[in-house]
Each structure stands twice: as C-alpha cells, then as structure tokens.
Amino acid sequence: MEDIELVTFVNSQVIPVCIFLIMMGMGLSLVTDDFKRVLKYPKAVAIGLTNQLLLLPIIGFALANIMPLEPEYAVGVMLLVLCPGGTTSNMFSHLAKGDVALSVTMTAVASLITVFTIPVVLNYSLIHFMGQGNEFQLPILTTMFSLMKLTMVPILLGMLIRQYAPKIAESTQVHVSRFGILFLTLLIIFLTYVQQDIVIPALIAAGPVSIILNISTMLLGYYSSKWFGLNLAQRTSITIEVGLQNSTLSMFMALTLLANYKMSFTPAIYTLTMLFTAGILAGMLNSKYFKSKNNGEALADKA
C-alpha cells in the first residue's frame, strides 16, 4: 500500500471506527443516573461544565491570538478546547482519587452538548484565523450529523449494552479505555511518521501554547471549584476534566473533516503535555504526604 493510500485509509476508515469504539466505551460506563446527577448535584456539575464549555474556549481563543502561532496551529488550539473531557479524563480521575461519578457526568453531558457547539464555533475560528472564504469551512448541519454519528450514537449504544448486558459492559469497559490510550499513542506515531519533516518546527511552534493552555486550565479548574467550596475529590475531578481534552476527537476533525495534518499537531503535542501533568497530579495525590493531608481535609469537609 502506497503512502497516499495508507493516509487515506487511516483518515477515512481507521480513525472514525476507532473513535466510534472509544465513545461506545464511554457509554459502557454510563447509566441514566449519571445524567440525573446534574439535578442532584447541580453546583459541582455547573461549575465543571462552565469551565469546560465556556471558560476553556475563551482561554484557548485568547492564547491562540496572543501567542505567535501560524493559522493552522491556532485552529488546532480551538479544536482542542472545543472537545473537552473524554475517557482519558475519567481514567485519571480514578487514578487521582477524584470524584469519578462527577467526572463521568461532566464528560457525558459535555459530549452531548459539544455536538452542537463545535461546528458553529469551529467555523468562526476558521474564518478568524484562516481568513474569509478559506477552503476549510464546514457545513454546520453536516458536521453536526457526522459528530452525532461518532459521539451520541455509540454512547447510546454503550448505555444500552450496560443496561441489558451489565456483565459484558463491565468486562469490556476497562479494555476499551486501554484501547483509547493505545490508539491515541499510535495515532501520534502515525502523524509523526507521515509529517516527519515538520515535527520539530511544530514542537517549537505549538509546544509553548500547549503547556500554557494545559497548566492554566488545570489551575482554573482547581481554584474555581475551591472558591465555590467543593470538596477535594470534586476539585480533583474538575481540575482533570478541564485540563484533559478529547484530543482523539480533535485530531479526527483535523485529519478527516478538515483534511489538514498541520492542524492536528497542536492536539497531538497537547496530548503528551496533558498525560504528563495528569500523571504528576495523580502521583502527588497518591503520595503519603498528600494522603495524610487529604484525610485531614476530608474530615474538615465532613465537619
């Protein structure tokens, strides 16, 4: 298979199928109570979703304008901030001893809402950064339908499996989460192979904005939830949810819907950054020092 055929095959077949499976894996972890939790614990969910759906895109847009980025890399930043959450954030919330139920709820609700917000904001971003009349504009309704097929449909399918075959869902869920990490890693390797001539310039160009975006949004998630009096587990989950994006979906839009490899480099570089910082956070929260501190804070929260 020639390189051009391989690229076409991966972009048009492999990536959509894998995203479908990953989103179905998210559905395997969901039950209807996850959506009812929005009404049961409105404060924590509202703070988290405000961070994800409103403040995160504003910060991303500001950084994309302030930082000296080429238009494609700036669009890559917007692709990232328009796709919050994902199965990776749920996994790290578990590892960091966060409120996993809150994390799952935020991911599920954000995944449904962004189906409708992504096409509108992304089109505006393309006009803003690439210029009026650029070749990358997307038909809004068609894009919504494409995202719906790759997010809502597999999530609902996974939830049906969870409801009617819970044992299968429980045994499959862990493997799908691991597959998501593996696929994301392989996608970055593939991207590096295909565009190896611009990897170093892309790292230099998009690396700083990725680091600043990741650290600033995690700080935003932590301190905003602390200011509103959420407990430590909730703060941890919101920090991770706001700082970790669905970069697989971001790269899908860059590679498949927009057919532009350069736009996919910012999400790829951000992936390495967010996994590193999330790993450090989980390690810190599981250390002996933080465990003793967390136990004291947990008692204070209950008091």
Side-chain angles (χ1 to χ4, degrees), residues 1-25 60 64 67-83 86-89 91-92 118 122 126 129-130 134-136 138 146-147 150-151 154 175-214 244-279:
M1 183 179 292
E2 295 181 3
D3 282 353
I4 188 66
E5 293 176 341
L6 176 63
V7 168
T8 302
F9 177 71
V10 169
N11 290 354
S12 62
Q13 302 296 326
V14 176
I15 295 177
V17 169
C18 288
I19 289 181
F20 187 95
L21 293 174
I22 292 169
M23 298 306 289
M24 187 174 72
M67 300 289 286
L69 296 173
E70 294 180 35
E72 290 86 353
Y73 296 138
V75 172
V77 172
M78 296 309 298
L79 286 170
L80 262 174
V81 297
L82 292 176
C83 300
T87 54
T88 305
S89 61
M91 181 186 73
F92 274 101
I118 286 173
L122 180 56
L126 288 167
F129 292 110
M130 305 295 293
N134 70 82
E135 60 182 306
F136 298 109
L138 295 171
S146 297
L147 292 174
L150 287 176
T151 54
H175 299 296
V176 176
S177 296
R178 291 173 180 170
F179 168 75
I181 296 291
L182 176 62
F183 172 69
L184 187 55
T185 303
L186 293 176
L187 184 58
I188 293 173
I189 293 172
F190 172 75
L191 179 63
T192 303
Y193 167 74
V194 173
Q195 294 288 313
Q196 51 191 294
D197 55 323
I198 65 168
V199 170
I200 300 302
L203 278 169
I204 295 172
V209 71
S210 297
I211 295 171
I212 294 171
L213 178 64
N214 179 245
L244 271 67
Q245 315 310 326
N246 191 345
S247 48
T248 308
L249 184 59
S250 302
M251 284 191 273
F252 159 75
M253 290 192 291
L255 297 173
T256 304
L257 297 183
L258 295 170
N260 187 286
Y261 272 85
K262 207 167 184 180
M263 291 177 184
S264 69
F265 266 99
T266 307
I269 294 167
Y270 188 89
T271 299
L272 303 177
T273 304
M274 73 179 190
L275 294 179
F276 179 73
T277 55

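This one's a predicted model, so the numbers in the text were calculated from it and none came from an experiment. Numbers here simply count residues along the sequence, with the first being 1.
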Asks: What distance separates M23 CE from C18 SG, expressed to the nearest 0.5 Å?
Replies: 13.5 Å
Asks: Would Q196 and L191 count as a side chain to side chain contact (heavy atoms under 4.5 Å, CB included) here? Give the steps.
Replies: CA-CA 8 Å; Q196 51 191 294; L191 179 63; over 6 Å; no
Asks: Using the test side chain to side chain contact (heavy atoms under 4.5 Å, CB included), find all partners of V17 that sit at least two apart in sequence or belong to another chain.
Replies: L21
Asks: Roughly how far, to the nearest 0.5 Å, is OG1 of T248 from CD1 of I19?
Replies: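 Atom-to-atom, I19:CD1 and T248:OG1 are 6.5 Å apart.
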Asks: Please report the shortest heavy-atom distance between G60 and V81, naming the atom on each side.
Replies: CA-CG1, 3.8 Å
Asks: Tell me, which pairs form a salt bridge (charged side-chain N to carboxylate O under 4.0 Å, His left out) where one or both residues lie in residues 185-207, sequence neighbours left out?
Replies: none
Asks: Just verifying a value: how many Å separate M24 CE and T151 OG1, rounded to the nearest 0.5 Å?
Replies: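 These two atoms lie 14.0 Å from each other.
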Asks: Quick check: closest heavy atoms across I118 and C83, and the distance to 0.1 Å?
Replies: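 Shortest heavy-atom contact: CD1-SG, 3.8 Å.
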Asks: I212: which residues meet the side chain to side chain contact (heavy atoms under 4.5 Å, CB included) condition with it, sequence neighbours left out?
Replies: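 With neighbours one apart ignored, the set is L63, M67.
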Asks: What closest approach, in Å, do A205 and P208 show between heavy atoms, and which atom pair accounts for it?
Replies: O-CD, 3.9 Å
Asks: Could you pull out the closest heavy-atom pair between M263 and V75, with the gap in Å?
Replies: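 Closest approach of M263 to V75: SD-CG1, 3.8 Å.
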Asks: Indicate the atoms forming the closest heavy-atom contact of G207 with I269, along with that distance.
Replies: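 That closest heavy-atom pairing would be CA-CG2, 3.9 Å.
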Asks: Looking at CZ of F183 and CD1 of I15, how far apart are the two atoms once the value is rounded to the nearest 0.5 Å?
Replies: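 It comes to 5.5 Å.
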Asks: Got a second to check how far L272's CG is from S247's OG, nearest 0.5 Å?
Replies: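 Reported to 0.5 Å precision, the distance equals 9.0 Å.
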Asks: Given T88 and L275, is the side chain to side chain contact (heavy atoms under 4.5 Å, CB included) satisfied, shown in steps?
Replies: CA-CA 9 Å; T88 305; L275 294 179; 3.8 Å; yes
Asks: Could you measure the distance from the CG atom of L122 to the CG atom of L126? Nearest 0.5 Å is fine.
Replies: 4.5 Å
Asks: Is there a side chain to side chain contact (heavy atoms under 4.5 Å, CB included) between Y270 and I211 once you walk through the steps?
Replies: CA-CA 7 Å; Y270 188 89; I211 295 171; over 6 Å; no
Asks: With P71, which residues qualify under side chain to side chain contact (heavy atoms under 4.5 Å, CB included), at least two apart?
Replies: M130
Asks: According to ring pair (Phe, Tyr, Trp, His ring centres under 6.0 Å), who are the partners of F129, at least two apart in sequence or on a separate chain?
Replies: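 F129 satisfies ring pair (Phe, Tyr, Trp, His ring centres under 6.0 Å) with F61 only.
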Asks: Name each donor-acceptor pair under 3.5 Å that joins a side chain in residues 249-259 to protein atoms two or more places apart or in another chain, with its distance.
Replies:
residue : atom : partner : partner atom : Å
S250    : OG   : L79     : O            : 3.0
S250    : OG   : N246    : O            : 3.3
T256    : OG1  : N11     : O            : 2.7
T256    : OG1  : F252    : O            : 3.4

Asks: Take E72 and N260 through the side chain to side chain contact (heavy atoms under 4.5 Å, CB included) test and state the conclusion after the steps.
Replies: CA-CA 8 Å; E72 290 86 353; N260 187 286; 3.9 Å; yes
Asks: Could you tell me if N214 and T273 have a donor-acceptor pair between their side chains, going purely by distance under 3.5 Å?
Replies: no
Asks: What are the two closest heavy atoms between L80 and T266, and how far apart are they?
Replies: CD1-O, 3.9 Å
